[in-house]
Peer 1: 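To start, I am sharing the structure in question, which I have written as C-alpha cells.
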Amino acid sequence: MNYDFSKIEAKWQKYWAENQTFKAENNSDKEKFYVLDMFPYPSGAGLHVGHPLGYIASDIYARYKRHQGFNVLHPMGYDSFGLPAEQYAIQTGQHPAITTKTNINRYREQLDKIGFSFDWSREVRTSNPDYYKWTQWIFIQLFNSWYNNDTNKAEDISTLIALFEKEGNATVNTVSDDDILVFTADEWKAFDTKKQQEILLQYRLTYLAETEVNWCPALGTVLANDEIINGVSERGGHSVIRKKMTQWSMRISAYAQRLLDDLNTIDWPQPLKDSQTNWIGRSQGASVTFNVLASEAKQSHQIDVFTTRPDTIFGVSFMTLAPEHELVATITTPEQKAEVDTYIQATAKRSERERMADVKTISGAFTGAYAEHPFTKEPIPIWIGDYVLAGYGTGAVMAVPCGDQRDYDFAKKFDIAIPNVFEGVDISEEAHADKDKTVIANSDFLNGLPYKKAMKLAIYELEKIGHGKGKINYRLRDAVFSRQRYWGEPFPVYYVDGMPKMIDAKHLPISLPEVEKYLPTETGEPPLGNATVWAWCTKENKVVDNSEINNETVFPLELNTMPGWAGSSFYFNRYMDPNNTEAIFSDDAINYWQDVDLYIGGSEHATGHLLYARFWQKFLFDKGVVPKNEFAKKLINQGMITGTSAFVYKDLKLYFTTDEKDKKQLSLNQHKFDQKWVISYNLLSNQEFLLKLFKNTKPSSPGALKLYEKVFNGTEKYIVKAAVNAIHADVSFVNASDELDVEAFKNWREEYKDAEFLLEDGKYIVGREVEKMSKSKYNVVSPDSICEEYGADSLRLYEMFLGPLEQSKPWNTAGITGTHGFLKKLWRLYIDDNGTKFTDAAPTKDNLKTLHKTIKKVAEDIENFSFNTSVSTFMICVNELSSQKCTSKEILEALAILVSPYAPHIAEELWQQLGHTTSIATAPFPAFDASHLVESSKEYPISFNGKMRFKLELPLDLSKEEIEATVMAHEKTIAQLQGREPKKVIVVPGKIINIVG
RNA sequence: GCUCGAGUGGUGGAAUUGGUAGACACGUUGGACUUAAAAUCCAAUGGACAUUAGUCCGUAUGGGUUCAAGUCCCAUCUCGAGUACCA
C-alpha cells in the first residue's frame with residue numbers, strides 16, 4: 001500500500017470536521033491553553049504559501065499542547081471590514097458584504113486544505129452585526145468613562161460629575177483636552193446641559209473634537225499616524241495633507257505610561273517592544289513659561305515650551321514657534337508682518353512629505369517680538385521655523401543653540417548668538433548634545449553642576465518663581481477614530497442640537513444602512529450621507545427614514561464609521577464565547593480562558609493593532625470586564641516568506657574591453673544583435689560562447705564591422721561582456737534544476753513565439769533572485785497547488801523546514817521533495833506493498849535510543865519554537881529506524897504521536913492502522929526516559945593545538961589521568977607529535993582532548 | 001542620522017552552556033534498477049594541493065582574549081527591518 005496523501009488528507013479533514021475533534025470546551029477540568037493567530041483580512045487574491053507560515057507554527061503548538069493534556073483554544077476568524085472591499089464596491093457597485101463573503105469562502109477552502117486544528121464553531125467576522133454589536137458596546141463604555149490619574153484607571157463619567165458638583169474641576173487629576181476652562185462647583189451647576197456636555201466631552205475616553213487630521217484626498221478619508229508610511233498612505237501610497245475636521249478620537253494618551261510600563265510584564269519580541277516604546281516616545285523634562293514682552297499697544301502673552309534640558313536654560317538665545325502656532329499672528333510686529341506671512345504661506349504649501357524629505361534646508365522668519373528670560377530677564381527674540389512641529393509638545397521651543405544641533409544650525413543661518421553654557425566644551429563647529437559628563441557653566445546658580453543636578457535645581461527654581469515645572473511628555477497622540485468610509489462599524493451615536501448622544505446599549509447593534517453609492521455625497525459628507533434610512537427615533541428606539549427627522553424625537557445619526565483597528569482590538573476575548581448574545585462573553589468563559597498564552601502574527605502590526613488592542617484591554621480591565629491587564633502573555637512574529645523569482649534574458653548586447661576594470665571602454669564598443677535571442681543564464685558570462693556568437697553573426701553596420709575586425713584581427717586581447725534585459729518568467733515553468741520549460745514559456749508569452757533560445761547543454765537555465773512574493777513578479781505559489789501535488793503534510797513540514805520561524809526566508813518549491821520524500825519513508829516504516837509491517841517485537845536498545853533522543857529534541861524544539869530543527873530530527877529518526885529495520889509497534893506508536901503536530905493527516909492514518917479507533921489528537925505525548933541515552937563510551941575528538949586530528953573511542957568512566965595516559969600512548973598521537981614534548985594536555989571528560997605544543 | 005537584527009558550502013539552513021564547523025535537506029556528479037522515463041535505492045559532494053597517507057586554507061573583514069572562538073571582546077564593512085526635525 002502506497003502513501004496516498006490525497007486520499008488520507010481528505011479522509012481525516014472530513015473526520016475532524018464531522019467529529020468536531022478540535023472543539024474547545026469552556027467548562028473543563030483540564031488546564032487551559034489559548035493559542036491565537038492574527039486573523040486575516042480576506043483579500044481577493046487568496047492565500048499564497050507565505051500566509052500560512054504562522055498558522056502552521058501555531059497549529060503545531062496547539063496540537064502539541066493537546067497531546068500534553070491541555071484544553072486548547074485555537075480559533076480563527078476574519079478581520080472583514082476594510083478598504084479593498086470598499087474600493088472594489090466603488091468600482092463595480094458590488095456590495096462589499098458580497099465580495100467579503102466570497103473572499104472568506106475562498107480563504108476557508110484554502111485553510112481547510114492545510115489541516116489546521118481550528119475550532120471553527122468559534123469563528124468571528126468583524127463585519128457581522130452580531131460581532132460589531134460589541135465593538136459598538138465598547139465604544140459606548142469608552143464614551144461613558146474618564147481617566148482618573150489619582151486612582152490611575154478609567155472610571156465612570158458619573159464619578160467625574162460628582163467631583164464637579166462638589167468642587168469644580170480645578171483639583172481634578174486627569175488626562176483631558178488641553179484648553180480646559182476652570183470652573184467651580186457652583187459654576188458647573190449653573191451651566192446648561194449643553195455646556196455641561198461640551199465640558200464632559202473634553203474628559204471622555206472617546207471624544208468628539210476638532211482636530212488636525214491626516215486627510216488623504218485620494219482615499220477620501222482621514223488616516224491614523226500608523227497608517228501613514230513616509231508621508232503617504234500605507235494603502236495605495238497616496239499623498240496626505242493636514243486638515244482640521246471634527247472627529248471622534250480615542251484618549252489613548254491617558255494610557256501612555258501604563259502601555260510603556262507593562263511592556264516589561266509580557267514576553268514579546270524585543271524589536272516589537274522597542275518600536276512601541278519609540279512610538280509612545282516618553283521624554284522627561286520641564287515645561288517652561290516665557291512672558292512675551294508687551295509692546296505698548298498689546299496685552300501681555302505667555303509662551304509655554306517643553307524642554308528636556310532645563311539645565312541649559314541660560315543658554316537660550318531665541319525662541320522658535322511652529323508657523324501654525326496660535327500666537328504667531330498676535331505677537332508679530334507690523335514691520336515683520338509681511339515677512340512672516342510670506343513664510344507661513346510658503347510652508348503651508350509644502351506637503352508633509354516635502355518637509356520630511358527636505359530636512360537640510362533651514363528656514364524661518366523673525367516675528368519682531370521678544371520674550372523675557374525667566375531668570376535673567378533679558379529679551380529673547382521670537383522666531384518661527386518649520387523645524388518646530390505644531391503637533392508635538394506645545395509647538396514652541398526654547399532654542400539652546402549650544403546644546404541642540406537644530407537650534408545651532410538655525411542660529412548660524414540667521415546669525416543669532418550662541419552662548420556656551422558648558423564647561424570646557426568647544427562649540428565652534430557644532431552643538432554639544434551630550435548629556436553625560438557635562439558640567440554647566442555661565443549659568444548663574446547652575447554653575448559647576450553636572451547635568452542631572454542642574455536639571456533638578458533648574459526645575460526647582462522655575463517652580464519657585466512660577467515659571468515652570470517638571471513634566472513628562474509623550475509623543476503618542478490620541479488616536480483618530482472616525483473614517484469617512486462605508487465599509488466599517490457604524491457609531492451608535494445620534495446628534496441632538498449638535499451634541500453626540502449614545503444609543504442605549506440594549507438597542508445594539510446599529511446595523512450598517514444600505515446606500516446607493518459608496519462614494520462621498522455631493523456636499524462632501526461621508527458615504528453614509530447617501531443612506532435614506534439613517535435617523536434615530538428615540539420613541540421607538542430604532543433606525544427610521546431620514547424624512548422623519550424633526551430634531552425632537554427623531555435625530556440624525558453619525559455619518560462616519562469606525563477604523564479598521566476597532567474590531568481587531570478585542571476579538572481575542574470574544575473568541576472565548578463568540579455566540580453569546582447577552583454579553584460580550586460570559587463570566588465563566590473569561591474567567592476560565594483569561595488571556596492568550598501564545599499569539600503569533602506579523603511584526604507590521606507593532607504600532608497599530610498591538611498598541612490599540614493593549615489599550616482596549618487595559619480599559620476593559622479597569623472596568624472589571626476582563627481579568628488581565630495584558631491580553632497576550634507571549635507573542636511571536638513570524639518572518640516573511642519571500643519568492644524566488646525566475647528570469648530570462650533578452651536583447652543581448654556585447655561590450656568589449658581590454659581590461660576587466662576599465663569601465664570607460666565598456667560604454668564604447670558595443671554591439672547589439674538584431675536577432676530575437678533569449679540567452680540562458682550561464683552563457684552570459686561564457687567568453688567562448690559569446691565570442692563565437694559574435695563571430696558567427698558577422699555584423700553589417702560599419703561601426704560594428706570595425707569592432708569585429710578589432711576583436712578578431714587585432715593584436716589586443718578583448719574581454720567580452722554581455723548586457724541584457726531581464727524579464728520575469730512564471731516560476732511554475734521552472735523545475736528544480738532552474739531549467740525553463742521553453743514551450744510553456746512561449747505559449748505564455750506570445751511575443752517570444754519565434755524567438756531563438758540560446759541553450760546550454762540543451763537546456764534553458766533561468767536566473768534566480770529573491771523578491772517579495774507578488775503577482776507582478778510571477779513568483780507567487782499558492783498552497784492549494786502544493787497540497788494537490790505533494791499534500792498538506794508535506795507543505796506543513798516544508799514551511800517549518802525552511803528555517804527559523806522569526807526569520808524571513810525565500811520560498812523555493814524545488815526543496816519540497818525533501819519533506820515529501822521523508823513522509824514516504826516514514827510511511828514505509830509502517831506499511832509496504834505487503835501491508836502493515838509493525839510487530840509486537842520488543843524494541844532493541846538502538847530503537848529506544850533513537851526514539852528517546854527524538855522525544856527529547858522534539859519536545860525541546862517545540863518549547864523553543866524551533867520547528868525547523870525538529871523536522872531534521874524526524875528525518876534522522878526515520879533514517880535510523882529504517883536502517884535498524886525497526887518494526888516494533890511500541891516505537892512506531894510513539895513516533896506517530898511525535899510527528900502528529902507537524903504532519904497530522906499521516907499520523908492519524910498510521911495511528912488507525914496501528915489499531916486505534918479514536919483520533920491521535922489527544923493521545924498523550926511520549927514520556928522521555930533518559931536512561932536509554934546513557935552511554936558507556938564516547939568517541940573523543942583528539943585535537944592538537946585546537947585542531948581535531950583523529951577520533952578515539954574511550955570508556956566514559958575513565959579518570960582524567962587515565963584518558964591522558966591512553967591518548968598519549970596512542971600511535972597516532974606519537975605520529976602527530978613527531979618527538980615533540982607537549983606543553984600541556986587539556987582533558988575535558990565527555991567532551992574533548994586538546995594537546996598543546 | 002538614530003534604534004534593532006543579521007552576515008556560515010552552489011542553495012535553505014544546523015552547531016542549545018566557548019569544545020569534532022557545515023547536521024538535515026535541495027541541487028550537482030557517478031552508479032544500480034528500467035526498452036525508456038518517472039519513482040526508488042547506493043555512493044561522492046566547503047576550497048586548494050596530494051596516487052595514497054595526508055597537508056594547508058576556511059563561518060563578512062581586521063585585531064584581541066583563550067589550551068580551544070561561528071559562538072566572547074574591540075574596530076570596520078555589507079545587507080535587512082523599524083523610525084525619522086519629538087525640542
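Order of the sequence lines fixes the chain letters, A, B, ..., with proteins taken first and strands second; residue numbering starts at 1 for each chain. This is a predicted model, so every value here is computed, not measured. Because only heavy atoms are used, hydrogens play no part in the values below, and waters and symmetry mates are left out as well, while side chains stay in.
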Peer 1: Rounded off to whole Å, could you give me the CG-to-C1' distance for the A/D386 and B/A84 pair?
Peer 2: 15 Å
Peer 1: Taking the P atom in each of B/U55 and B/C4, what is the distance between them to the nearest angstrom?
Peer 2: 45 Å
Peer 1: Mapping A/I995 and A/P271 onto RNA chain B by nearest heavy atom, which one lands closer to the 5' end?
Peer 2: A/P271
Peer 1: Can you tell me the distance, in whole Å, between the CD atom of A/E789 and the C1' atom of B/A39?
Peer 2: 14 Å
Peer 1: Rounded to the Å, how far apart are A/D407 CG and B/C86 C1'?
Peer 2: 13 Å
Peer 1: To the nearest Å, give me how far apart CD (A/E806) and P (B/A81) are.
Peer 2: 18 Å
Peer 1: Determine the interatomic distance between C1' on B/U16 and the same-named atom on B/G27; round to the nearest Å.
Peer 2: 29 Å
Peer 1: Would you say A/N879 reaches B/A25's phosphate, i.e. side-chain N/O to OP1/OP2 under 4.0 Å?
Peer 2: yes
Peer 1: Give one of base, sugar-phosphate or nothing for A/K951, where a contact means two heavy atoms less than 4.0 Å apart.
Peer 2: base
Peer 1: Considering only side-chain heavy atoms of A/I992, which listed nucleotide, B/C41, B/U20, B/U55, is closest?
Peer 2: B/U20
Peer 1: For the side chain of A/F801, starting at C-beta, report the closest nucleotide among B/A87, B/A25, B/C67.
Peer 2: B/A25
Peer 1: Quick one: A/N278 CG to B/C2 P, roughly how many Å, whole number?
Peer 2: 14 Å
Peer 1: If the cut-off is 4.0 Å, is A/K984 near the phosphate of B/C67, judged by side-chain N/O to OP1 or OP2?
Peer 2: yes
Peer 1: Does a side-chain N or O of A/K824 approach OP1 or OP2 of B/U40 to a distance below 4.0 Å, or not?
Peer 2: yes
Peer 1: Do A/T289 and A/D304 have side-chain N/O donor and acceptor atoms under 3.5 Å apart?
Peer 2: yes
Peer 1: May I ask you to say what A/T817 touches in the nucleic acid, namely base, sugar-phosphate or nothing, with a heavy-atom cut-off under 4.0 Å?
Peer 2: sugar-phosphate
Peer 1: For B/C26, take OP1 and OP2 only and decide whether either is under 4.0 Å from a side-chain N or O of A/N812.
Peer 2: no
Peer 1: Counting only side-chain heavy atoms from C-beta out, which of B/C24, B/A14, B/U20 sits nearest to A/P804?
Peer 2: B/A14
Peer 1: Any salt bridge linking A/K849 with A/E880? Criterion: basic side-chain nitrogen under 4.0 Å from a carboxylate oxygen.
Peer 2: no
Peer 1: Closer to the 5' end of RNA chain B via nearest nucleotide, is it A/N864 or A/D404?
Peer 2: A/N864
Peer 1: Could you please name the partner base of B/C79, counting Watson-Crick and G-U wobble pairs only when both distances are under 3.5 Å?
Peer 2: B/G5
Peer 1: Any salt bridge linking A/D409 with A/K413? Criterion: basic side-chain nitrogen under 4.0 Å from a carboxylate oxygen.
Peer 2: no
Peer 1: Counting Watson-Crick and G-U wobble pairs only, both distances under 3.5 Å, name the nucleotide matched with B/U17, or none.
Peer 2: none
Peer 1: Given the C1' atoms of B/U66 and B/C77, what is the spacing between them in whole Å?
Peer 2: 26 Å
Peer 1: Which whole-number value in Å describes the distance from A/M948 CE to B/C56 C1'?
Peer 2: 15 Å
Peer 1: Taking the minimum atom-to-atom distance to the side chain of A/L389, which one of B/G12, B/A87, B/A21 wins?
Peer 2: B/A87
Peer 1: Using OP1 and OP2 only, check whether a side-chain N or O of A/T873 sits under 4.0 Å from B/C24.
Peer 2: no
Peer 1: Suppose you measure atom C1' in B/U78 against the same atom in B/C24; what distance do you get, rounded to whole Å?
Peer 2: 29 Å
Peer 1: Taking atom C1' in both B/G9 and B/A15, compute the distance separating them and give it to the nearest angstrom.
Peer 2: 15 Å
Peer 1: Is there a Watson-Crick or G-U wobble partner for B/U34 with both distances under 3.5 Å, and if so, which one is it?
Peer 2: none
Peer 1: Given atom CD of A/E739 and atom P of B/U28, what is their separation to the nearest angstrom?
Peer 2: 10 Å
Peer 1: Checking contacts here: which listed nucleotide (B/G19, B/G27, B/C85) is nearest the side-chain heavy atoms of A/Y387?
Peer 2: B/C85
Peer 1: Side-chain N or O of A/S283 versus OP1/OP2 of B/A87: is the shortest distance under 4.0 Å?
Peer 2: yes
Peer 1: Does a side-chain N or O from A/K938 land closer than 4.0 Å to OP1 or OP2 of B/U20, or not?
Peer 2: no
Peer 1: Among A/Q276, A/K273, A/R282, which residue satisfies the side chain to side chain contact (heavy atoms under 4.5 Å, CB included) criterion with A/L260?
Peer 2: A/R282
Peer 1: When you get a sec, tell me which of B/A14, B/A84, B/G12 is the closest nucleotide to the side chain of A/L802?
Peer 2: B/G12
Peer 1: Could you tell me whether A/K856 and A/E860 have a side-chain N and a carboxylate O separated by less than 4.0 Å?
Peer 2: yes
Peer 1: Once you apply a heavy-atom cut-off of 4.0 Å, does A/V996 come out as touching a base, just sugar-phosphate, or nothing?
Peer 2: sugar-phosphate
Peer 1: Could you tell me whether A/R828 contacts a base, only the sugar-phosphate backbone, or nothing, with contacts defined as non-hydrogen atoms closer than 4.0 Å?
Peer 2: sugar-phosphate
Peer 1: Any chance the side chains of A/S937 and A/E953 put a donor and an acceptor closer than 3.5 Å?
Peer 2: yes
Peer 1: Between the side chains of A/N779 and A/S645, does any donor sit under 3.5 Å from an acceptor?
Peer 2: yes
Peer 1: Without decimals, in angstroms, what is the distance between A/D409 CG and B/G1 P?
Peer 2: 16 Å
Peer 1: Determine the Euclidean distance between corresponding P atoms of B/U3 and B/C74; express it in Å to zero decimal places.
Peer 2: 15 Å
Peer 1: Which listed nucleotide (B/C26, B/C41, B/A87) is nearest to the side chain of A/K825?
Peer 2: B/C41
Peer 1: Classify the side chain of A/K857 and the base of B/U16 as holding, or not holding, a donor-acceptor pair under 3.5 Å.
Peer 2: yes
Peer 1: Looking only at atom P, what distance separates B/U11 and B/U61, rounded to whole Å?
Peer 2: 15 Å
Peer 1: Which part of the nucleic acid does A/E860 contact within heavy-atom distance under 4.0 Å: base, sugar-phosphate only, or nothing?
Peer 2: base
Peer 1: Both distances below 3.5 Å, Watson-Crick or wobble geometry, any strand: find the nucleotide opposite B/A84.
Peer 2: none
Peer 1: Could you tell me the Watson-Crick or G-U partner of B/G62, where both distances fall under 3.5 Å? Say none if there is no partner.
Peer 2: B/C74
Peer 1: Mind running side-chain contact (heavy atoms from CB on, under 4.5 Å) on A/H820 and A/F5 for me, showing each step along the way?
Peer 2: CA-CA 10 Å; A/H820 187 62; A/F5 59 83; 3.6 Å; yes
Peer 1: Of the nucleotides B/U55, B/C67, B/A87, which has the atom closest to the A/T308 side chain?
Peer 2: B/A87
Peer 1: In whole angstrom, give me the gap between the P atoms of B/A38 and B/C26.
Peer 2: 16 Å
Peer 1: To the side chain of A/T869, which of B/A15, B/G13, B/C24 is closest?
Peer 2: B/A15
Peer 1: What does B/A48 pair with, Watson-Crick or G-U, if both distances are under 3.5 Å?
Peer 2: B/U55
Peer 1: Under 4.0 Å between a side-chain N/O of A/R406 and OP1 or OP2 of B/A84, yes or no?
Peer 2: no
Peer 1: Classify the glycosidic conformation of B/G9 as syn or anti, calling it syn when the angle lies within 90° of 0.
Peer 2: syn
Peer 1: Partner lookup for B/C24, please. Criteria are Watson-Crick or G-U wobble with both distances under 3.5 angstrom; report none if nothing qualifies.
Peer 2: B/G12
Peer 1: Would you please say whether a donor-acceptor pair under 3.5 Å links the side chains of A/T644 and A/N812?
Peer 2: no
Peer 1: Check step by step if side-chain hydrogen bond (donor to acceptor under 3.5 Å, both in side chains) holds for A/W811 and A/T813.
Peer 2: CA-CA 6 Å; A/W811 175 270; A/T813 305; 2.8 Å; yes
Peer 1: Across the strands shown, which category fits A/N868 at heavy-atom distances under 4.0 angstrom: base, sugar-phosphate, nothing?
Peer 2: sugar-phosphate
Peer 1: With a cut-off of less than 4.0 Å, is there a side-chain N or O of A/R475 near OP1 or OP2 of B/U83?
Peer 2: no
